[in-house]
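Every chain is numbered from 1, with letters handed out A, B, ... down the list of sequences.
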Amino acid sequence: MDDFKSGSNLEKVLKAGHFALTGECGPPRGANVAHLKEKFGHLKGMVDAVNLTDNQTAVVRLSSWAASAIMVQEGLEPNFQMVCRDRNRLAMQSDILGVYSLGVRNMLCLSGDHQKFGNHPQAKNVYDIDSMQLISLVRKMRDEGQFFNGEPIDESPKLFIGAAANPFAEPFDFRVYRLAKKIAAGADFIQTQCIYNMDRFRKFMSQAVDMGLTEKCFILAGVTPMKTVGMANYMAKSVPGMDVPESLIKRLKGAEKGKVAEEGIRFCLEQIEEFKTMKGVAGVHLMAIEWEHRVPEIAERAGLLPRPVMAAGLEVNK
Amino acid sequence: MSEVYEPTLIAFCCKYCAYAAADLAGSMRLSYPSNVKITQVPCTGRVDIIHLLKAIENSADGVYVAGCMEGDCHFVSGNLKARKRVEYVKKTLTELGIEPERVEMFNLSSAMGPRFAEIAIDMTDRIKKLGPSPVKRGDT
Amino acid sequence: MIVADRKPLNEILDMVKRCNRILVVGCKGCVTVCNVGGLKEVQILATSLKIARKIGGFPLVVDEMVLERQCDTEYIAIIKETVTDYDAVVSMACGVGPQFLSEAYPEQKFYPAVNTTFFGGAVSHGIWEERCAGCGTCVIHYFDGLCPVARCSKSLLNGPCGGSDHGKCEISREVDCIWDKIVRKKVEQGRLDDLLDVVPAKNWQSARDGGPRRSRREELIQNG
C-alpha cells in the first residue's frame with residue numbers, strides 16, 4: 001500500500017495510519033439542493049469522506065453521482081455509492097467515468113436493496129452484475145485501463161474502491177470468506193453494516209485478522225447511534241441482516257425519560273473507543289441517519305477531532 | 001308469476017353419513033323441505049368443482065355438500081377436499097356476482113337424522129331469503 | 001414444467017364480451033400437470049363463463065376441447081376445420097399456445113386465459129416454485145444443483161447479500177435464500193473452497209437479453 005491508487009483524502013488518511021472517520025448522507029427526495037448543502041455543512045471538516053447513498057432502500061432520490069459532484073463543489077470528499085439494482089454494465093461504466101471526471105475519488109460498490117422495499121416495487125430490476133463483479137469492474141478500469149470487455153480506456157478513472165460487509169447476516173460463518181472475496185476482487189476499503197452486537201463483531205474481526213485480510217484492506221466499523229427505543233426495536237425485528245442484542249434494547253429502555261438518545265450516543269462512543277484499539281479496525285463509518293447535525297458533537301466526544309489535513313488535498317481532474 | 005317462490009336446492013350427500021342420516025330422518029318421520037334434491041355420492045371427495053358449478057349453471061338456487069364429520073371420512077380426507085372445493089366455488093361465485101352463501105359445506109354423521117333435517121330447513125330458508133339465483137333471473 | 005395461473009374471470013369475460021360463441025381450448029402439456037389448463041379447468045372456465053353470461057342476459061355458447069399440446073403445429077392442425085366456427089378462441093395453454101394458434105390461423109382471434117409465470121415444479125400438492133430462469137447457459141453445477149440466477153432475488157453469482165435472514169430472503173419470509181442453501185450444502189460436503197473464487201460476470205447473450213431465441217437442430221430438420 002505505498003503508491004496512491006486514487007489520491008483521495010480517505011486513501012491518504014488511511015495510508016498515513018490515521019484512524020479514519022467517514023460519514024453518510026442521503027440525497028433528498030427531490031431537487032432541494034439547498035437542504036443537501038445544509039447537511040453537507042454539518043459534516044464539513046468533521047469526517048474524511050461522506051457516503052452518498054444511491055436510491056437507498058430502493059426509494060427514488062436525487063442521484064448519488066449528482067450529489068457527489070455537488071459535494072465536491074462544496075469542498076467535501078464524497079464516497080460515491082453505486083448499486084447493481086438500477087444499472088447494467090454499460091450505465092455503470094459510463095457513470096464511473098462521469099463521476100471521476102467530476103472529481104469523485106472514492107466509490108462504494110453495493111448490491112442494493114431489492115426494489116420490493118422501495119417506492120417503485122413495479123420496477124424491473126437489473127442485476128446484470130453483482131457487487132463482487134462491480135468491484136472487479138472498477139479495479140479493471142483503474143488498474144488495467146480497460147473496460148469490462150477488455151477494450152482500452154484512454155484515461156482511466158482512479159478510484160479508491162470500497163465495499164460493504166455484513167458480519168451479522170446469515171450464514172455467519174461464511175461472512176468472513178465473502179469479505180475475503182471482495183478484497184480479492186479489488187476492494188481497498190470496507191465499511192461494515194451497523195454494529196450493535198460487539199461479541200459477534202469481535203469474532204468476525206479476529207477471523208479477518210487471522211486470515212490476513214486486514215493487511216490487504218482497510219476495515220471501517222459501521223455505527224449508527226440509536227435515537228429511540230422504537231428505532232432499536234424496529235432494527236432488531238424488521239431489518240434483515242441486522243443484529244441488535246436484547247441487552248442494548250434493555251439499556252435504552254432503562255435510560256431516564258428524554259435521555260434515550262443520549263444513551264444511544266454513549267453506547268456508540270463506547271463502541272468507537274473499543275474500535276480505536278481493536279486489531280484490524282482502521283476507522284469508523286458513522287451513519288447518523290437524518291442526524292447529520294449531531295455528527296460534530298459525536299466526533300468531538302469520540303476524540304476524533306480535528307480530522308487530519310492531508311497534503312495536496314483533493315486532486316480534481318482538469 | 002304470482003305464485004310463492006320455491007327454490008331448488010341440490011345436496012350432494014355422502015352415502016356413509018349424510019345420505020344415511022337422510023334415511024334415518026325419514027324413518028324418524030322428521031319432515032324437511034321437498035325443495036332439496038339429494039344426490040348420493042360414494043364420498044364427498046368425489047364431488048368436484050365442476051359438479052357444483054354445473055348445478056348453478058343449470059339454475060339451482062342453492063347447492064350444498066354434506067359429508068362425514070372431519071376426521072371420520074371413510075376415505076380419510078375426502079370431506080376435507082370437498083370443503084376446499086366448496087371454498088373455491090364460493091370464490092368463483094363472488095367473482096361472477098352471485099352470493100357465495102348459495103354454496104355450503106356441512107359435516108354430520110349417519111346417526112344425525114334430526115341434524116340432516118335441520119340443515120335442509122336452514123339452507124332452504126337461507127336461499128328463500130336470497131331469492132332466485134341470478135342465473136334463473138337471467139333466463140327470463 | 002411451465003407453471004401458470006388462471007386469469008381472473010372478469011378479465012376473460014371482458015375479452016369475450018362481444019362474442020356469442022367461443023371455443024375454450026386446453027392443453028395436455030405443462031398446464032394440465034400444474035392444474036391450470038387441462039380438461040377439468042377447461043370445464044370450470046367454460047361453465048363459469050356461461051353462468052356469468054346467463055346472468056347478464058347475453059348467453060354465451062362455449063365449446064370445450066383439449067389439445068395434446070398447443071406448442072406443436074401437428075396437434076394444432078386438429079382444429080383446422082372448426083376454428084372459424086367461433087367468434088374467438090380462448091386458450092388455456094401457456095403463452096406459447098395462443099401464439100402458435102394465432103400463427104396457424106391468422107383469421108381467428110385467440111385470447112389467453114392464463115398468466116404464464118415460471119419454469120418450476122410442485123414442491124407439495126398445490127404449491128409450485130420457480131427453479132429455472134431459462135438463461136440459456138446453465139451454471140448449476142457450480143452451485144451443487146441450486147440455481148442462483150433463478151432463485152436469488154438479485155441473481156447474485158457471488159452471494160449471499162446482507163439481506164439473507166435466517167435462511168430467508170430479504171424480500172419475503174416465504175422465499176428461501178438460495179445462497180444460504182448453497183453455502184450450507186458446500187459446508188456440509190466440505191467443499192466451501194468452491195465458493196472462494198470470484199465468479200465472473202455472466203454473459204447474458206444466451207438469455208432473453210440477447211433477443212428472441214431460436215434453437216436449431218440440424219439432424220432433425222427435414223429438407224423441403
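Considering only heavy-atom pairs separated by less than 4.5 Å from chain C, the leading option among A:V126, A:D128, A:V239, A:N125 is A:D128. Ranked by non-hydrogen atom pairs under 4.5 Å with chain A, the options C:P160, C:G167, C:C161 are led by C:P160. Chain C forms more heavy-atom pairs under 4.5 Å with one residue of A:M132, A:R178, A:K182 than with any other, namely A:R178. For the options C:P200, C:G163, C:C177, C:G159, heavy-atom pairs under 4.5 Å to chain A are most numerous at C:G159.
Considering CG of A:D243 and CG of C:D165, their distance stands at 10.0 Å, rounded to 0.5 Å. Atom CG of residue A:D113 and atom OG of residue C:S153 lie 12.0 Å apart, to the nearest 0.5 angstrom. Taking OG of C:S155 as the reference point, atom CD1 of A:I129 lies at 13.0 Å (rounded to 0.5 Å).
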ask   = Between A:R89 and C:W204, does a side-chain contact (heavy atoms from CB on, under 4.5 Å) hold up when you go through it step by step?
value = CA-CA 11 Å; A:R89 60 190 85 180; C:W204 294 104; 3.5 Å; yes
key: Intermediate values then yes/no, side-chain contact (heavy atoms from CB on, under 4.5 Å), C:L195 and A:F174   = CA-CA 10 Å; C:L195 296 180; A:F174 187 65; 4.1 Å; yes
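Closest approach of C:R173 to A:K237, counting heavy atoms only: NH2-O, 3.7 Å. Across every non-hydrogen atom of C:I171 and A:K116, the tightest pair is O-NZ, 3.2 Å. When all heavy atoms are compared, the tightest approach of A:P171 to C:S164 is CD-OG, 4.5 Å. C:G162 and A:N166 get closest at one heavy-atom pair: O-ND2, 3.4 Å.
Side-chain atoms of C:E170 come within 3.5 Å of backbone atoms of A:H114 as a donor-acceptor pair (strictly under, hydrogens ignored). Side chain of A:Q133 to main chain of C:V199: a donor-acceptor pair is present (N/O by atom type, distance under 3.5 Å, no hydrogens or angles). Side chain of C:K154 to backbone of A:G112: a donor-acceptor contact under 3.5 angstrom is found.
With a 6.0 Å radius and a threshold of 12 heavy atoms from other residues, nucleotides or ligands, A:Y177 has its OH atom at or below the threshold. Dense packing is recorded around NZ of C:K168, with more than 12 heavy atoms of other residues, nucleotides or ligands lying under 6.0 Å away. Sparse packing is recorded around CD of C:E174, with 12 or fewer heavy atoms of other residues, nucleotides or ligands lying under 6.0 Å away. More than 12 non-hydrogen atoms from other residues, nucleotides or ligands lie less than 6.0 angstrom from OH of C:Y105. Open room surrounds CD on C:Q205; 12 or fewer heavy atoms of other groups in view lie less than 6.0 Å from it. The 12-atom threshold is exceeded at NZ of C:K185, counting heavy atoms of other residues, nucleotides or ligands nearer than 6.0 Å.
Looking at A:F168, there are no atoms closer than 4.5 Å to chain C (heavy atoms on both sides), in backbone or side chain. For chain C, no part of A:D173 is nearby; none of its heavy atoms comes within less than 4.5 Å. For chain C, no part of A:R85 is nearby; none of its heavy atoms comes within less than 4.5 Å. For C:V183, the part lying near chain A is the side chain, with the backbone staying farther off; criterion is any non-hydrogen pair under 4.5 Å. At a 4.5 Å heavy-atom cutoff, C:D209 makes no contact with chain A through either its backbone or its side chain. When heavy atoms are compared at a cutoff of 4.5 Å, C:K202 approaches chain A solely by way of its backbone atoms N, CA, C and O.
Looking at A:K181 and C:N158, their side chains do bring a donor and an acceptor atom within 3.5 Å of each other.
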